[in-house]
Amino acid sequence: MRSTAFSRPISVAIPSVAIVGAGAIGLSIAWRLASAGCRVQVFDRGLAGRGATHAAGGMLAACVETEPGEESLLPLTRASQALWPVFAAELEDASGQSVDLRREGTMVIAQTADDAAKVRFLHDLQAGLGLPVEWLSGAEVRRREPYLQPGVAGALYCAEDHQVDNRKLATALHAAALRAGVEVHENAPVTRIEGQGGQVVGLWVGDRLVEADRIVLAAGAWSAGIEGLPPPARPPVRPVKGQMVCLRMDSRLPLLRHVVWTPGTYLIPRLDGRLLIGATTEERGFDDRLTAGGQFALLEGAWRALPGIAELPIEEAWAGFRPGSRDDAPILGPTEVEGLVLATGHHRNGILLTPVTADSIARLILTGESDPVIRPFALDRFQPKGVVA
Ligand SMILES: Cc1cc2nc3c(=O)[nH]c(=O)nc-3n(C[C@H](O)[C@H](O)[C@H](O)COP(=O)(O)OP(=O)(O)OC[C@H]3O[C@@H](n4cnc5c(N)ncnc54)[C@H](O)[C@@H]3O)c2cc1C
């Protein structure tokens with residue numbers, strides 16, 4: 001196993017840590033902490049890795065997703081994007097499993113002259129922010145992706161926006177965490193976080209109180225619903241539903257190699273021949289039913305860009321819940337309850353943000369210090385600022 005900043009024993013007292021939620025966020029923090037010598041227990045109300053982490057697309061799209069008003073997220077998303085190659089290699093070493101990190105890059109295609117104006121605007125914004133994006137002519141797009149519809153007018157291309165297979169990521173994180181000594185408790189819902197005198201004591205799983213020095217709340221879209229948190233420590237997180245559909249390509253002759261965004265959908269080709277099409281964005285609470293309208297919009301948008309999908313079999317369709325916060329940015333760091341740390345609200349970027357979250361939250365727990373890159377994302381940004389009389 002490679003040596004990492006987290007695999008060295010530390011000299012200060014080593015805290016025991018209980019983590020609520022075994023998604024990409026909870027498992028990666030657990031893996032980092034256990035590698036540093038902490039006793040770590042993770043609790044999930046279902047099976048590990050079956051929440052939003054299972055439902056995601058796995059795009060590591062720090063650049064092409066940047067829209068006006070989202071510039072403040074860039075230092076965090078770009079930092080995590082830069083960590084991904086080493087993180088993936090370490091994880092593959094530690095787990096013995098591949099996570100299928102693909103590096104072909106991402107295209108945002110323009111299908112008409114109207115689209116081209118919008119995509120050019122996005123290109124100019126992102127290039128102006130110093131992001132590594134370039135403009136491809138229609139002919140160049142078709143040279144790289146010959147099965148796209150012939151009229152494609154051009155594309156914004158980013159060579160650094162990769163993808164990972166998020167389901168393989170979850171399995172690898174679970175295996176690496178177990179190998180590092182993490183106790184992963186599945187089908188073990190946490191009903192309450194227990195505190196005393198402004199400090200955490202532990203958490204309740206059924207009628208059992210599990211004591212811990214630190215608790216990390218990483219329960220994704222469900223993070224606001226756990227009892228025992230005083231209102232100022234409760235993260236304002238809600239479920240943002242996303243439907244997806246998956247088709248089966250011939251993996252020896254795939255219709256697509258890059259991640260491709262169209263005006264309404266995105267297409268993500270996997271190495272094993274799956275072609276994911278996503279995703280809707282819906283405010284429907286925890287209603288996980290698929291809808292005809294949602295599935296139709298995905299398939300129609302994908303078909304307009306890549307007509308050959310009409311022949312492909314449908315393999316699977318699902319809905320998941322992004323953990324959306326009030327400003328769509330994650331909530332990372334300490335709370336006013338001593339020992340309670342938040343790692344939630346990652347919205348549509350939780351897979352991208354896994355490495356930076358794991359490293360920074362583990363460091364916070366081990367050293368008490370917040371990395372500058374996560375400081376702007378603390379819970380206190382939502383608290384009303386003092387009114388000057
Ligand atoms: C359709 C869709 C597409 C997406 N595409 C991308 C993408 O391309 N790139 C990207 O970076 N991100 C993407 N995301 C976002 C990403 O999936 C999430 O931000 C990320 O998975 C959040 O990880 P998590 O570990 O916080 O949450 P989750 O994976 O949801 O894990 C939380 C866990 O907490 C558990 N839990 C809940 N309540 C309790 C309790 N009381 N006790 C114990 N356990 C509990 C749940 O069972 C769950 O396993 C997408 C999301 C969706 C829905």
Side-chain angles (χ1 to χ4, degrees), residues 18-30 41-62 64-65 77 80-81 84 106 161-167 169-170 173-174 184-193 203-206 210 215-228 235 237 239-246 259 261 265-266 268 276-282 286 288 294 298 317-325 328-332 342-358 361:
I19 299 179
V20 191
I25 300 300
L27 286 173
S28 59
I29 296 168
Q41 300 191 71
V42 183
F43 298 88
D44 201 288
R45 56 178 205 147
L47 296 177
R50 301 292 292 198
T53 299
H54 188 76
M59 292 176 295
L60 310 177
V64 302
E65 286 202 40
T77 51
S80 204
Q81 194 175 47
W84 250 104
T106 297
D161 279 3
H162 305 315
Q163 61 144 311
V164 68
D165 185 324
N166 41 286
R167 294 185 182 177
L169 170 71
L173 281 171
H174 191 182
V184 180
H185 304 274
E186 299 182 298
N187 301 310
V190 172
T191 46
R192 187 179 172 83
I193 291 175
L203 46 77
W204 287 93
V205 182
V210 179
I215 291 178
V216 180
L217 182 52
W222 298 267
S223 296
I226 295 170
E227 284 181 26
V237 174
V240 181
K241 177 178 173 181
Q243 299 185 43
M244 293 190 67
V245 56
C246 173
V259 173
W261 286 65
T265 54
Y266 51 73
I268 309 169
L276 276 61
I277 303 169
T280 64
T281 302
E282 304 168 57
F286 286 107
D288 66 356
L298 297 177
W318 62 88
F321 302 107
R322 305 171 186 90
S325 77
D328 290 342
I331 305 173
L332 305 171
L342 301 179
T344 186
H346 291 79
H347 196 227
R348 61 191 162 109
N349 284 316
I351 306 301
L352 168 64
L353 293 174
T354 292
V356 78
T357 303
I361 297 295

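Whatever order the structure lists them in is the order used to number ligands and atoms, beginning at 1. Counting begins at 1 with the first residue of the sequence. Note that the coordinates shown come from a computational prediction; the quantities given were computed from them, not determined experimentally.
Where the criterion is an N or O separation shorter than 3.5 Å, residue side chain and backbone included, Gln243 fails it with respect to ligand 1. Inclusion of Gly320 in the set of residues having an N or O under 3.5 Å from an N or O of ligand 1 is not warranted. Between Gly46 and ligand 1, no pair of N/O atoms sits closer than 3.5 Å. Checked against a 3.5 angstrom limit, the closest N/O atoms of Gly26 and ligand 1 fall outside it. Considering backbone and side-chain atoms together, Arg348 places an N or O closer than 3.5 Å to an N or O of ligand 1. Inclusion of Ile25 in the set of residues having an N or O under 3.5 Å from an N or O of ligand 1 is warranted. Considering both main-chain and side-chain atoms, Met244 never comes within under 3.5 Å of ligand 1 through any nitrogen or oxygen pair. Polar contact check, Val190 against ligand 1: a nitrogen or oxygen pair lies under 3.5 Å apart.
Within the 4.0 Å heavy-atom criterion, the part of Val20 lying near ligand 1 is the side chain and not the backbone.
Cys246 SG to Leu298 CG: the interatomic distance, rounded to the nearest 0.5 Å, is 12.0 Å.
For atom 48 (C) of ligand 1, the closest non-hydrogen atom of the protein is Asp44 OD2, 3.4 Å.
Checked options Thr191, Ile226, Val210; the residue passing with Trp204 is Thr191 (criterion: side-chain contact (heavy atoms from CB on, under 4.5 Å)).
Relative to the six-membered ring of Trp318, Arg167 meets both conditions, a distance below 6.0 Å and an angle of at most 45° to the axis.
Nearest residue to atom 4 (C) of ligand 1 from Ser223, Ala188, Gly21, Ala56 is Ala56 (criterion: closest heavy atom).
Looking only at distances, no side-chain donor or acceptor of Thr265 sits under 3.5 Å from a matching main-chain atom of Trp261.
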